[in-house]
Trainee: 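Pasting a structure here, questions to come.
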Amino acid sequence: MKTVLFITILSLLLSSDDSMSLDMTSEGDALAATVTDVQAPSEDSLPLITITTQTPLNAREKVGAMMKTVGYEGAIGIKLRGNSSLSFNQKKYTFETRNENGKDSVVSLLGLPAHSKWVLLAPYNDVSMMRDPLAFQLWRDMGHWGPRTVMCELMMDGEYRGIYILAEAIKRGEERVPISKLKKSDVSGRELTGGYMLRIDAYDENDVTFESKIPGIGDGIMNSQITWSIIYPKKDNLQPEQLAYIQNYVDTVEQVIQSDYFADPKKGYARYIDVPSFVDYFIHSELSLNADGYKRSAYFYKEKLHADGSGGKLCAGPVWDYNLAYGNCNFCNANNLEAWCFEGGNTNPTPAFWQRLLQDPAFRRAVKQRYFQLRKDVLSNQRLFQYIDNQAHLLAKSVDHHFETFPELLVSEERKQQLAEQQKQMEEMQKQFEQMRSQGPQGGFPQGGFPMGGFPQGGFPMGGFPQGGFPQGGFPMGGFPMGDFQQGGGGFQFDAIGMFAAYRVSSYDEEIKILKQWLSDRLAFLDKNIERFDRDWQPRVQELVERKMSFPGFGGMFGGMR
């Protein structure tokens, strides 16, 4: 989607939707949880998690609660997670298992490896309820650590909350991201070289951040600044020498990739990055066509240099946040089967090093070789469809209850026709706005922001929406938001599921059919184009231009935004 205003607002809403605080598990005495006599679920039902809160939940800090499920009954600390998703009827949660003293307690939950840090992902705006588990499974099948998951149902304070995904949080450790522990005393020599965990995402006061020296890319973006967060070591433990080291290393990686000698096998990018992980991350991201691909929830880690001088390179991964991937999103070209994710969209900037890597024939050859190797097994249509069928069968006994709890997730056939008509209106509106934008100074708004004094011609776009107002029933499908504000008793009603969706369905079976067809079509596109990677295929190269988000005609919060 190319409408800059809509996308700018959307990027602000989404900017920290799934950002995480990566606390390390306490390494003191971790007491085993009490194994209870909770009745085991039947073979064809999902395990049930019951949580009883003691204090109202918030998104800032964990509060005490009690949790009960098969094999565990004990205390937890829990908080809400997300940003725009906080408005959803089904909430996401981050929690940690605790002992009677309120300290971290390392336990195994529903068969997952023991730890204390966990996430309950709400698949609210993913009707299939399997896009995150699918993405994580594919990353693991490609040979990397990715969050393991268990599908479950949640009861909170006596109320049914629907189907959830119990997932491992992204943490450092033997059973999680395999990097060395950095001590405060590790400030020189080989000990300083690892391990670090980084993320490109929204950030908060708990993160230590630094800005990339290389502008990001994307069509119509108003801000080209890439910000890196140091997720591990945590802010309280990170030493100045460690901050300086990892920032300098990332600066070196990005500047070498943009240099004239970037493809040199000895002094180019291969000296600094773990190329196989970047190849796999590229393939994984392009298959998913994730609207946030590369630019949000994008993790990297750096292991310690080995004693023989090998290793210690920057690795791509693990993967996170794919509920709006695999054809389930209406912006950033995420519903365009022939788009490339690495080229960026028009929300947040995409790191330019991905387009630069694709300019190296050796990197493209590596992608081609690896891709067609994976297509024989991990990425075969048969294996992907079998996973989807298995997940659908697993959820079969619970989906009706889930959709009865959240009836807004499914729409009638009549409503789908209404949305299709609204889609046509939005497409026409977008064409008008793009024409207006192309006729402005230098093909866009001055200083990368809105025109001085406000919107052009007194409104947006071209003086107003079609027919002088909002389309009947809400915004159309394929735009932002899709039926977001609907007329109802006493005013407008918020339709969170329609806000981002590329399509709507009337049944769970219809959703599964669409997901399978989308994957088949996307793989066909990749087959055709990646096969050309070592011959005549070339990436579209976007110029690296420094942009700052600016709203000259507005005061308040927008005036200082970058």
Side-chain angles (χ1 to χ4, degrees), residues 22 139-140 142-146 170-174 176-183 186-201 208 210 212-214 226 228-233 238 241-285 294 297-320 342 351-367 369-370:
L22 284 127
W139 190 243
R140 293 195 302 273
M142 293 167 79
H144 312 279
W145 181 86
I170 298 179
K171 307 294 176 183
R172 183 203 69 82
E174 184 177 348
R176 304 280 174 102
V177 182
I179 56 174
S180 302
K181 180 178 180 180
L182 259 175
K183 301 187 292 291
D186 294 336
V187 294
S188 63
R190 189 171 69 88
E191 298 304 318
L192 177 62
T193 63
Y196 299 89
M197 197 181 306
L198 309 170
R199 184 179 67 211
I200 297 174
D201 202 347
V208 177
F210 59 90
S212 172
K213 290 182 170 59
I214 306 297
I226 303 293
W228 294 77
S229 296
I230 302 175
I231 306 304
Y232 179 81
L238 184 69
E241 295 87 348
Q242 296 166 351
L243 169 59
Y245 173 83
I246 192 59
Q247 179 174 354
N248 181 68
Y249 193 92
V250 171
D251 286 345
T252 300
V253 167
E254 294 194 288
Q255 290 171 334
V256 166
I257 290 178
Q258 297 301 327
S259 71
D260 293 337
Y261 58 88
F262 82 112
D264 187 285
K266 292 186 177 181
K267 62 179 182 178
Y269 66 83
R271 178 181 177 182
Y272 300 96
I273 70 171
D274 180 73
V275 176
S277 71
F278 276 72
V279 166
D280 279 1
Y281 198 92
F282 173 83
I283 294 170
H284 189 280
S285 299
Y294 306 115
S297 298
Y299 287 84
F300 301 83
Y301 66 91
K302 185 184 182 300
E303 183 51 283
K304 187 177 299 184
L305 195 67
H306 299 160
D308 63 0
S310 63
K313 297 181 180 181
L314 186 69
C315 299
V319 299
W320 187 261
F342 78 90
F353 56 76
W354 290 106
Q355 83 165 0
R356 182 63 164 157
L357 288 172
L358 267 294
Q359 294 173 46
D360 179 17
F363 188 85
R364 296 202 304 273
R365 284 194 298 270
V367 168
Q369 181 179 6
R370 176 63 167 161

Trainee: How many angstroms lie between atom CG of Leu238 and atom CD1 of Ile231, to the nearest 0.5 angstrom?
Mentor: 11.0 Å
Trainee: Which residue pairs satisfy the salt bridge (Lys or Arg N to Asp or Glu O under 4.0 Å) criterion with at least one member in residues 301-314, sequence neighbours excluded?
Mentor: Glu191-Lys304
Trainee: Quick check for you: to the nearest 0.5 Å, what is the distance between His284 atom NE2 and Ser277 atom OG?
Mentor: 13.0 Å
Trainee: Quick check: closest heavy atoms across Pro233 and Gly195, and the distance to 0.1 Å?
Mentor: CD-O, 4.3 Å
Trainee: Go through the steps to decide whether Trp354 and Phe278 satisfy the test side chain to side chain contact (heavy atoms under 4.5 Å, CB included), and finish with yes or no.
Mentor: CA-CA 9 Å; Trp354 290 106; Phe278 276 72; 3.5 Å; yes
Trainee: Side-chain polar contacts of residues 246-253 - donor-acceptor pairs under 3.5 angstrom, sequence neighbours left out - could you list them?
Mentor:
| from | atom 1 | to | atom 2 | distance (Å) |
| --- | --- | --- | --- | --- |
| Tyr249 | OH | Tyr272 | O | 2.7 |
| Asp251 | OD2 | Lys213 | NZ | 2.8 |
| Thr252 | OG1 | Asn248 | O | 2.8 |

Trainee: Tell me if a side-chain donor or acceptor on Ser180 pairs with a main-chain N or O of Gly194 at a distance below 3.5 Å.
Mentor: no
Trainee: Show the nearest heavy-atom pair for residues Asp201 and Arg199, with the distance to one decimal.
Mentor: CB-NE, 3.4 Å
Trainee: Identify the two heavy atoms, one from Gln242 and one from Lys183, that lie closest to each other, and give their separation to 0.1 Å.
Mentor: NE2-O, 2.9 Å
Trainee: Are any side-chain N or O atoms of Arg176 and backbone N or O atoms of Trp145, one a donor and one an acceptor, separated by less than 3.5 Å?
Mentor: no
Trainee: Evaluate Val275 against Tyr269 for side chain to side chain contact (heavy atoms under 4.5 Å, CB included), listing each step before the verdict.
Mentor: CA-CA 8 Å; Val275 176; Tyr269 66 83; 3.9 Å; yes
Trainee: Is Phe353 close to Ile273 at the side-chain level, that is, under 4.5 Å between some pair of heavy atoms?
Mentor: no
Trainee: Can you label the angle between the His144 ring and the Trp139 ring as parallel, tilted or perpendicular, going by 30° and 60°?
Mentor: parallel
Trainee: Are side-chain heavy atoms of Ile226 and Ile214 found at a separation under 4.5 Å?
Mentor: no
Trainee: For Arg172 and Val177, indicate whether the former's side chain and the latter's backbone hold a donor-acceptor pair under 3.5 Å.
Mentor: no
Trainee: Considering only residues two or more places apart or on different chains, which pairs with a residue in residues 269-284 satisfy salt bridge (Lys or Arg N to Asp or Glu O under 4.0 Å)?
Mentor: Asp280-Arg370
Trainee: Quick check: do Ile200 and Phe300 have side-chain heavy atoms less than 4.5 Å from each other?
Mentor: yes
Trainee: Treating Arg190 as the side-chain partner and Leu305 as the backbone partner, does any N or O pair qualify as donor plus acceptor under 3.5 Å?
Mentor: yes
Trainee: Contact between Phe210 and Ile230 at the side-chain level, heavy atoms closer than 4.5 Å - yes or no?
Mentor: yes
Trainee: Does CD belonging to Gln369 count more than 12 external heavy atoms closer than 6.0 Å?
Mentor: no
Trainee: To the nearest 0.5 Å, how far apart are CZ in Phe262 and CD in Gln258?
Mentor: 8.5 Å
Trainee: Look up atom CG in Leu198 and atom OH in Tyr299, then write down how far apart they are to the nearest 0.5 Å.
Mentor: 11.0 Å
Trainee: Evaluate the criterion side chain to side chain contact (heavy atoms under 4.5 Å, CB included) for residue pair Tyr281 and Val319; output intermediate values, then yes/no.
Mentor: CA-CA 8 Å; Tyr281 198 92; Val319 299; 4.0 Å; yes
Trainee: Using 0.5 Å steps for rounding, measure from the NZ atom of Lys266 to the OH atom of Tyr261.
Mentor: 15.5 Å
Trainee: Should Ser285 and Tyr294 be marked as a side chain to side chain contact (heavy atoms under 4.5 Å, CB included) after you check the CA-CA gap, both sets of side-chain angles, and the distance that decides it?
Mentor: CA-CA 8 Å; Ser285 299; Tyr294 306 115; 3.4 Å; yes
Trainee: Would you find a donor on one side and an acceptor on the other, under 3.5 Å apart, between the side chain of Glu254 and the backbone of Ala352?
Mentor: no
Trainee: Using every non-hydrogen atom in the two residues, find where Ala270 and Pro265 come nearest and quote the distance to one decimal.
Mentor: CB-O, 4.2 Å
Trainee: Working to the nearest 0.5 Å, report the span between OH of Tyr232 and CG of Leu182.
Mentor: 5.5 Å
